[in-house]
Amino acid sequence: MSGRIVETEAYPPGDSTSYAFRGRTTRNQAMFLGKGFAHVVFVYGSSYMLNVTSEEPGVGAGILLRALEPLEGIDVMERLRKTDKLRDLARGPGRLAAAMEIGPRLDGVDLCSDGPLWLGAPVRRTGRIGTSVRIGISREVDRPLRFFEMGSRFVSGRSTVS
DNA sequence: AAGAAGATTCGCT
DNA sequence: GCGAATCTTCTTA
């Protein structure tokens, strides 16, 4: 399975909404591995989400992948997500993880080398990138740390700049 | 020890 | 649009 990343959110060092904010725990330890690793976290008792770590080893930070434009393995994603609506397969962080069968076994995987999950090169030119506040948080609400491909129908939430 | 909130999703109105 | 489901973590008693 593969997809284009069309929406992300940053959770930088020192951000009080980051799972890494209060220091290393079993749940967030992968966020401290260094750049380019997977951090898989279980939220709301029902969903997994995928972060890409983004700082030096020992510093907890990550980029949340919020939405994909499905490219390959769409039939597999449809089975995993129990829907055949292309637009809904990976629109939202929990859906993205479910569509790609991303679970706790992938926590800590190096996304920049061979393995079960990795980051590849762009398959086509990226569109204009919009910026907005992050979705679903109640603190640090004014930080413009959400980024999305403008005009993409695979983006979750509002596709407007704020 | 108990309660509330949370980087969500789904089903119903 | 709204509330429930569901569980881990943090806060308060």
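Small disclaimer: the values here were computed from a predicted structure and weren't measured.
When distances are taken from the side chain of A:R81 to each of C:dC10, B:dA7, B:dC10, the shortest belongs to B:dC10.
Following rounding to the nearest Å, A:R143 (CZ) and B:dA7 (C1') show an atom-to-atom distance of 14 Å. One atom, CG of A:L96, and another, C1' of B:dA7, lie 13 Å apart when rounded to the nearest Å. When rounded to the nearest whole Å, the span between CG of A:L80 and P of B:dC10 equals 13 Å.
Heavy-atom minimum distance, A:F154 versus A:V6: O-CG2, 3.9 Å. The two residues A:E149 and A:T126 make their nearest non-hydrogen contact at OE2-C, 3.8 Å.
Separating the C1' atom of C:dG3 from that of B:dA5 is a span of 16 Å, rounded to the nearest Å. On the P atoms, C:dG1 is 22 Å away from B:dA7, given to the nearest whole Å.
The phosphate of B:dT8 (OP1 or OP2) has a side-chain N or O of A:R66 nearer than 4.0 angstrom. In this structure, A:R134 does not reach the B:dT8 phosphate: none of its side-chain N or O atoms is under 4.0 Å from OP1 or OP2. Using a 4.0 Å cut-off, some side-chain N or O of A:S138 falls inside it from OP1 or OP2 of B:dG6.
Taking the ring centre of A:F148 as origin, the terminal cationic atom of A:R66 falls outside the region bounded by 6.0 Å and 45° from the ring axis.
Near DNA chain C, defined here as any heavy-atom distance below 4.0 Å, the residues from residues 25-63 of chain A are A:R27, A:F42, A:Y44, A:G45, listed numerically.
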Pair A:L106-A:L50, side-chain contact (heavy atoms from CB on, under 4.5 Å): steps then yes or no: CA-CA 9 Å; A:L106 294 176; A:L50 174 64; over 6 Å; no
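Summarising the base pairing, B:dA7 is matched to no nucleotide, lacking a Watson-Crick or G-U wobble pair whose two defining distances lie under 3.5 Å. Under the Watson-Crick or G-U wobble criterion, with both distances below 3.5 Å, C:dT6 is left unpaired in every strand shown.
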Sequence neighbours left out, cut at 3.5 Å: what donor-acceptor pairs do the side chains of residues 69-80 of chain A make with other protein atoms?
residue, atom, partner, partner atom, Å
A:E69, OE1, A:R4, NH1, 2.7
A:E69, OE1, A:R124, NH2, 3.0
A:E69, OE2, A:R124, NH1, 3.4
A:E69, OE2, A:R124, NH2, 3.3
A:E72, OE1, A:S2, OG, 2.6

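Side-chain atoms of A:H39 do not come within 3.5 Å of backbone N or O of A:M49 as any donor-acceptor pair.
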